[in-house]
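Report on one structure; see the data block that follows.
Only a predicted model underlies this, so the values are computations on that prediction, with no experimental measurement involved. Chain naming here is simple, since letters A, B, ... match the order of the sequence lines and numbering starts at 1 in each.
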Protein chains: 2
Amino acid sequence: MRGMNGSGEQLERKTKPGSGPGQAGPEGDLPRQAWTLLFELMHTHMRNFPALAAELDLSPVQAHVLRQLGEGPLAMSTLAAYLSCDASNVTGLVDRMEARGLVVRRSSEQDRRVKMLVLTEDGAALRERLLERIFEPPDAICGLPEEDLCALRDIMRRALGAQ
Amino acid sequence: MRGMNGSGEQLERKTKPGSGPGQAGPEGDLPRQAWTLLFELMHTHMRNFPALAAELDLSPVQAHVLRQLGEGPLAMSTLAAYLSCDASNVTGLVDRMEARGLVVRRSSEQDRRVKMLVLTEDGAALRERLLERIFEPPDAICGLPEEDLCALRDIMRRALGAQ
DNA sequence: CCTAAACAATTGACTTCATCAACTATTGAG
DNA sequence: CTCAATAGTTGATGAAGTCAATTGTTTAGG
């Protein structure tokens, strides 16, 4: 029971008087404060993402791919861009997922160089089960009062909309 | 410029009438709505964490370890628990970081089985540079009005405090 | 005390993820 | 037609992950 260190203390030290080069009012840098806490929450929650994927016999990256593949066919190169990784990496990744019957490669008709990835029926079904688990909110969120949840939702909509 | 797919549409479909087994009021499940948006924002931002770590010649996991190691010495097994991975994995991880002079192993005096990890001076300096980058808030956050940032900070404090 | 279970770290075999360099096939521009 | 650019694959290599087995070191029971 020694988990949950009080790392907030460590972070607040960045706002010590006279430290910041520019902004930093009397109580420090507000965007950074909010972001740091947000990061803390997400980081804690993401620690068990590999275990969550493993429950469905997926590696973390395969789970990530399955999630991205919901909007419809996707070129391998586009997937590589989404994953911010090399195209050659995607080849092996898709090899394994295709061998398990989750996706298929379909040659594009407009451009015979590109291969489009399509979810199989099994892949789509597994994706639904995955999303169900991914978007299950953690206790820290469920425990918030309704007004906080509404405010949070609205703030996030503004943040995502205005970028 | 085809990034930022409108995957919100996909997610909202989960609240279609008659689907949920339990809660789901007229406008759906509020915690899930808030969480889904939060997840979207964080996920988008986290995509370039590997690149951020690479700027400091760190792998993503090494960056993660460096971040965890700020509170003081840590047993290898404790680190394995933090990382949610096997202890044997930590051996190689620490081998590489020790070879680069970021950490050292110190045998514990109370229990000669355990080895404590301690940041070197170089390791601590690199950690500061890393944290500076990690906690730099993204544009989506910086663009929010001050009242939203205050509300967000306070909500996150409640969420993290009450778990 | 002495033996046996439990634990911390390591090693070795193996898989997946990731990069880079080289290659093939295809497209598109001049 | 030729040449540069692009999409995907292959091969070599290394990091990160798992599991099974091993070595020291505590700790608990008889």
Can you pull the contact range of chain A along DNA chain C, 5' to 3', using atoms under 4.0 angstrom from its heavy atoms? C:dT16 to C:dT27
Under the ring-ring contact (aromatic ring centres under 6.0 Å, His included) definition, can you give me all pairs with a residue in residues 99-119 of chain A, not counting sequence neighbours? none
Do B:Arg106 and B:Lys115 have side chains that get closer than 4.5 Å, going by heavy atoms? no
Taking side chain to side chain donor-acceptor pair (under 3.5 Å) as the definition, give me every residue that meets it alongside [X], ordered by chain and number, with sequence neighbours left out.
X	result
B:His45	none
B:Asp122	none
A:Glu121	none

Expressed in angstrom and rounded to an integer, what is the separation of A:Leu79 atom CG from D:dA7 atom P? 13 Å
Whole-Å distance, A:Glu98 CD to D:dG8 P, equals 13 Å
What is the per-nucleotide protein-contact pattern of nucleotides 10-17 of chain D, from the 5' end, where B denotes a base atom under 4.0 Å from a protein heavy atom, S denotes such proximity for sugar-phosphate atoms only, and - denotes neither? B----SSB
Near DNA chain C, counting only heavy atoms under 4.0 Å, which residues of residues 110-119 of chain B show up? B:Arg113, B:Val114, B:Lys115
Throw together a table of side-chain donor-acceptor distances under 3.5 angstrom for residues 91-103 of chain A, partners on residues two or more places apart or in other chains.
unit_1   : atom_1 : unit_2   : atom_2 : d
A:Asp95  : OD1    : A:Arg105 : NH1    : 3.1
A:Asp95  : OD1    : A:Arg105 : NH2    : 3.0
A:Glu98  : OE1    : A:Arg105 : NH1    : 2.6
A:Glu98  : OE2    : A:Arg105 : N      : 3.1
A:Arg100 : NH1    : A:Asp57  : O      : 2.5
A:Arg100 : NH2    : A:Asp57  : O      : 2.9

Among all residues two or more places apart in sequence or in another chain, which pass the side-chain contact (heavy atoms from CB on, under 4.5 Å) test with [X]?
X	answer
A:Ser88	A:Asp86
A:Ala63	A:Phe49, A:Ala53, A:Leu58, A:Leu130
A:Asp154	A:Arg157, A:Arg158
B:Pro50	B:Pro60

